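A quick write-up on the structure given underneath.
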Amino acid sequence: MASNVIDGKALGAELENSLKIRVSNIKKVHRPPHLVVIIVGDDPASKVYVRNKERACKRIGIDSTRVDLPSTCSPEDLENLIGEFNEDPGVDGILVQSPLPTGFDEIGITELIDPRKDVDGFHPINLGRIVTGRLGGLLPCTPSAVMKILESTGVEMKGKRALVVGRSRIVGMPTALLMAQKGIDATVTVCHSKSEDLEGLCKSSDIIVAAAGKAGMIHHQWVPIGSIIIDVGINRVEEDGRSRLVGDVEGAASTRASWITPVPGGVGPMTIAMLMSNTVTAAESIFNRSEDS
Ligand code: GUN
């Protein structure tokens with residue numbers, strides 16, 4: 001069986017087109033949405049990710065400001081900067097790029113960002129809303145990208161066995177909650193590094209969301225015929241003296257699944273589109289609040 005390969009770039013572009021319309025409506029009555037991205041240190045992968053976010057802003061008409069802090073800056077420098085942007089009425093979204101250098105408390109930093117400007121959706125208030133079922137606000141970008149991709153297949157998820165491989169705060173756990181929510185109604189299992197029999201769990205699943213960050217850890221023989229595979233992994237591997245990006249699922253899984261996301265070009269571009277969507281949502285709600293007062 002050959003899979004339908006899900007084109008995350010095309011899906012992301014479609015979402016971006018709808019965002020362009022929302023941005024132009026905002027601009028008729030207000031300034032453009034404005035995203036601030038803070039990057040601490042010199043992590044090369046982070047620089048690439050941030051550049052992609054800046055390019056997406058430009059495509060859609062969102063203003064972006066990038067602040068580069070040296071790795072020698074103190075946690076207080078970063079905290080003060082976040083405080084300033086929280087208070088700045090000219091800023092709609094604040095994102096602090098991960099990973100932060102050692103010595104920084106990443107979770108503590110997410111708690112300092114005004115939840116209304118938390119376009120990453122990592123603040124405990126925004127993560128907590130997923131549990132309470134209030135899904136109209138700022139949801140974490142990768143989990144909502146996974147949900148949009150699943151929706152794009154048109155496959156009914158009700159009652160399906162969905163396996164999430166990885167229990168991270170920002171991908172695995174919120175994705176599991178979104179798939180289990182009322183109205184989606186998947187039967188969700190979350191597995192992690194201490195889980196036993198990953199092979200058996202995969203073999204009895206209809207949907208696998210792989211978010212463990214380990215190249216090829218899901219063997220293609222474990223992928224059930226006709227299943228849906230969403231590969232969140234982005235792993236750099238060296239092969240024959242060449243470096244390339246691969247997912248958490250072996251490439252040959254595409255001969256077995258009914259739908260599969262490629263790496264690169266699957267979840268990644270859709271995640272950036274969801275960040276843009278959150279930024280537009282934050283700008284709209286900030287504008288609406290200022291109109292009300
Ligand atoms: N580093 C890699 N991906 C992300 C992301 O989505 N948000 C932030 N803040 N940092 C990241």
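All of these numbers come straight from a predicted model, not from anything done at the bench. Ligands are counted one by one from 1 in listed order, and the atoms in each one are counted from 1 as well.
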### Query
Under a 4.5 Å side-chain heavy-atom rule over Ile, Leu, Val, Met, Phe, Trp and Tyr, are Leu163 and Met173 clustered together?
no
### Query
If you look only at pairs with a residue in residues 116-129, which of them pass as a salt bridge (charged side-chain N to carboxylate O under 4.0 Å, His left out), with sequence neighbours excluded?
Asp114-Arg116
### Salt-bridge criterion met for Glu199 and Lys203 (N-O under 4.0 Å)
yes
#### Entry: Sub-3.5 Å N/O-N/O distance, Phe122 and ligand 1
no
### Task
Would you kindly say whether Ser205 and Arg161 are connected by a side-chain donor-acceptor distance under 3.5 Å?
no
### Query
Should you measure from each heavy atom of Val96, which atoms of ligand 1 turn up under 4.0 Å away?
8 (C), 9 (N)
### Task
Pull out every atom of ligand 1 sitting under 4.0 Å from any heavy atom of Ser98, numbered as shown with elements.
1 (N), 8 (C), 9 (N), 10 (N), 11 (C)
### Task
Establish whether Val119 and Ile38 are linked, either directly or via other cluster members, by ILVMFWY side-chain heavy-atom contacts under 4.5 Å.
no
## Note on the structure
Near Leu95 (heavy-atom distance under 4.0 Å), the atoms of ligand 1 are 9 (N)
### Query
So, Ser3 and Arg256: side-chain donor and acceptor under 3.5 Å apart, yes or no?
no
### Query
Should Thr271 be counted as touching ligand 1, given the test is an N or O pair under 3.5 Å?
no
### Message
Using a plain distance cutoff, I'd like to know if Asp120 has any nitrogen or oxygen under 3.5 Å from a nitrogen or oxygen of ligand 1.
### Response
yes
### Message
Suppose we measure from atom 11 (C) of ligand 1 to each protein heavy atom; which comes out shortest, and what is that distance?
### Response
Gln97 NE2, 3.3 Å
